[in-house]
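The structure appears below as structure tokens.
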Amino acid sequence: MKVQIEVLLSQLGNPGRYQVFIFLLLCLNYFPLVFNHVIMAFFGSRPKHQCHSSAYLAGYMTNSISNFNDVQLNYTVLGTNASDVGHFESCSASYLYAGNQSMSIVCPESDESFLIYQKREQESTIVTEWDLVCGKAYLSSVATTIYFCGVMVGGVLFGHLADKFGRKPVMMISLIMPVVVGVATSYAPWYSVFVTLRFVQGVLMQGLQTSTYTLAMELFLPQYRSYAGAILECFWGLSVMTVPFLAYLIPNWRHLQLVISLPSVVAVFYFFVIPESLRWLILKNKVEKVEAQLSTISAWNRIDFPHNAWEDLKLQLGTMIKDVKQYSMLDLLKTPKLRKRSLVLFYLWFAISIGYYGLTWQLTSLPGNKYLNFFIAGCVEFVAYTLVIYITKRFGRKRPLLIYFMLASLFMISAGVIPFAFADVNVYITSGLAIAGKFAMGGLFSVIFLYTSELYPTIVRNIGMGSCAFWTRVGGVIAPQIIVLNHFSNKSMPLILFGLVTLVGGFLKILFPRDVWPGKGFLKTLKKM
């Protein structure tokens, strides 16, 4: 059955203009996807701040000034947190005033206190709007964690819906519904409403990613899928590079939320242009729709309708067995060799996700201009994606993965240790090393997709890829909570932890042999089930 489908598809252009056109339209779906995945790097950006008493601050009842030195006080400041004074990050203050009396306040818990932020005049984030600093600092990371919890739910939900109802309906719902949710998010009156809507957005974004990737891959024969996957990753990199430009031009988070949400309205025309997966239609025995799509593809590509291949396939459709065994994640653990590989792969995907998203959200808090840091990191990530085709063809899969793991851990641990161990070192070295780490993480993400697909036999490949993707979302959930350590320990600690998690992945990668087949014992086990 599968062989006959490949024969039919090979006679439709292999690939032709139609497949390329549809593929490029699908690539554009990565822009709203990536925007929503990484936008918290700017929505949750924490500017420098100082705590002041509203009762004793003269003439400055505002949360926005450009220079702390411009504040004129009618009292004598006795002291603030000594460790934070130089960084303009204080969560409490003590005052000495007439009569040699003193007063202490804590921000933002005290009713008579407020925070002054050092930021651009028009800049607004969820941190400055709802004072998510000091005792509430963890809430910014919690918002990101909640979003990726939604992504995890979306992976489970939309994977089944796409198999049952088709890839196209899932894609259209998860492409248009986020417009409504995104606009509602931009008007969120409270933090609780914001994180609830972000959770829903995460569910929808995973539906968009799952359906888009599946539709794109099912357009092509297997020998072209690695190229298609690399091009999709390049669009991911382009999307990451676009985010800091938008964030710089639109400093208000509510306006920025509208800008990343509304353009997807244009994609309504996809309903009339993007076809359902031809493979899915064939497997669901929808003969009339398959014939109509074959006619459309043949006309676009200016080739003859593949009558013989289609007639042969229809004969198979009429006689194929309906009760096909459904495999689950448990089947990935049936044999010792496959179990070992699956467990290691789960950790590798988890480690890559921790490092990638951890670096992404950490970039805006590193020394230097946060917009420039993020843009440069996006550029090197894009380069990593474009190099993957050459690297994997020249050096295979295992060696590049191992090298990328070691480089990523080296750069991230160095970015954390060097400023911690050497106080007089240039602070921008940390940002440079973190950006270099982003290049290695991009390389890891691009190679691991291809490598994992080759480690699993065809009958459980989709289950294997889906299970690994689940652990990627677990990494996205945990990474923001590691960043919270910024508020309770040295700011280098998250980078060191990201590097250590990645380093373990590199050592586990050594356990994989050069061959990529799980072993004959796996097929024997499946036959007995």
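Just so you know, these numbers come straight off a predicted model, no measurement behind them. Start at 1 with the first residue, then count along the sequence.
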Between T430 and I418, does a side-chain contact (heavy atoms from CB on, under 4.5 Å) hold up when you go through it step by step? CA-CA 8 Å; T430 300; I418 289 177; 6.0 Å; no
Short side-chain to backbone donor-acceptor contact, S446 and G443, under 3.5 Å: yes
Can you classify the ring geometry of F42 versus Y371 as parallel (below 30°), tilted (30 to 60°) or perpendicular (above 60°)? parallel
Give a yes or no answer on whether the side chain of Y270 reaches the backbone of L25 with a donor-acceptor pair at less than 3.5 Å. yes
Does the ring centre of F148 sit less than 6.0 Å away from the ring centre of Y357? yes
Is the side chain of S409 donor-acceptor paired with the backbone N or O of L500 at a distance under 3.5 Å, no angle test? no
I'd like to know whether CG of D312 has more than 12 heavy-atom contacts from other residues, nucleotides or ligands below 6.0 angstrom. yes
If we ignore hydrogens and angles and just use 3.5 Å, is the side chain of S186 paired with the main-chain N or O of V183 as donor and acceptor? yes
Output for pair (M412 CE, L495 CG), nearest 0.5 Å, gives 8.0 Å
Between Q19 (side chain only) and G16 (backbone N and O only), is there a donor and an acceptor less than 3.5 Å apart? yes
Measure centre to centre between the rings of F375 and Y248, then say whether the value is under 6.0 Å. no
Quick check: do V290 and L313 have side-chain heavy atoms less than 4.5 Å from each other? no
Any donor-acceptor N/O pair, R17 side chain to N301 backbone, under 3.5 Å: no
Do the rings of Y356 and F445 sit parallel, tilted or perpendicular, given the 30° and 60° boundaries? perpendicular
Any donor-acceptor pair under 3.5 Å from N373 side chain to T364 backbone: no
Could you give me the CA-CA distance, side-chain angles and deciding distance for M217 and L232, then say whether side-chain contact (heavy atoms from CB on, under 4.5 Å) is met? CA-CA 10 Å; M217 292 300 104; L232 277 172; 3.9 Å; yes
If I take atom CZ from residue F245 and atom OG1 from residue T242, how far apart are they, to the nearest 0.5 angstrom? 8.0 Å
Output, in order, the C-alpha distance, side-chain angles, deciding distance and verdict of side-chain contact (heavy atoms from CB on, under 4.5 Å) for Y347 and V504. CA-CA 9 Å; Y347 181 85; V504 173; 3.4 Å; yes
Taking Q209's backbone N and O only, do any of them form a donor-acceptor pair with T212's side chain (distance below 3.5 Å, no angle check)? no
Is there a donor-acceptor contact under 3.5 Å linking the side chains of W349 and T452? yes
With a 4.5 Å limit on heavy-atom distance, are the side chains of N36 and Y147 in contact? yes
Flag for T185-Q257: side-chain donor and acceptor within less than 3.5 Å: no
The reported gap from OG1 in T214 to CE in M171 (rounded to nearest 0.5 angstrom) is 11.5 Å
Roughly how far, to the nearest 0.5 Å, is the CG atom of L12 from the CG atom of L219? 11.0 Å
Is F439 close to F411 at the side-chain level, that is, under 4.5 Å between some pair of heavy atoms? no
CZ of F498 to CG of L359: how many Å apart, nearest 0.5 Å? 7.0 Å
Within the supplied structure, the quantity of interest is the number of heavy atoms (other residues, nucleotides, ligands) at a distance under 6.0 Å from E311 CD; does it exceed 12? yes
Which heavy atom in P494 sits nearest to a heavy atom in I482, and how many Å separate them? CG-O, 3.6 Å
Pair K289 + E276: basic N to acidic O under 4.0 Å: no
Residue W471 excluded, over 12 heavy atoms near CH2 under 6.0 Å: no
Rounded to the nearest 0.5 Å, how far does CZ of F405 lie from CD1 of I448? 6.0 Å
Side chain to side chain, L33 and S239, heavy atoms closer than 4.5 Å: no
Verify the distance criterion only: is there a donor paired with an acceptor across the side chains of Q206 and T210 at less than 3.5 Å? yes
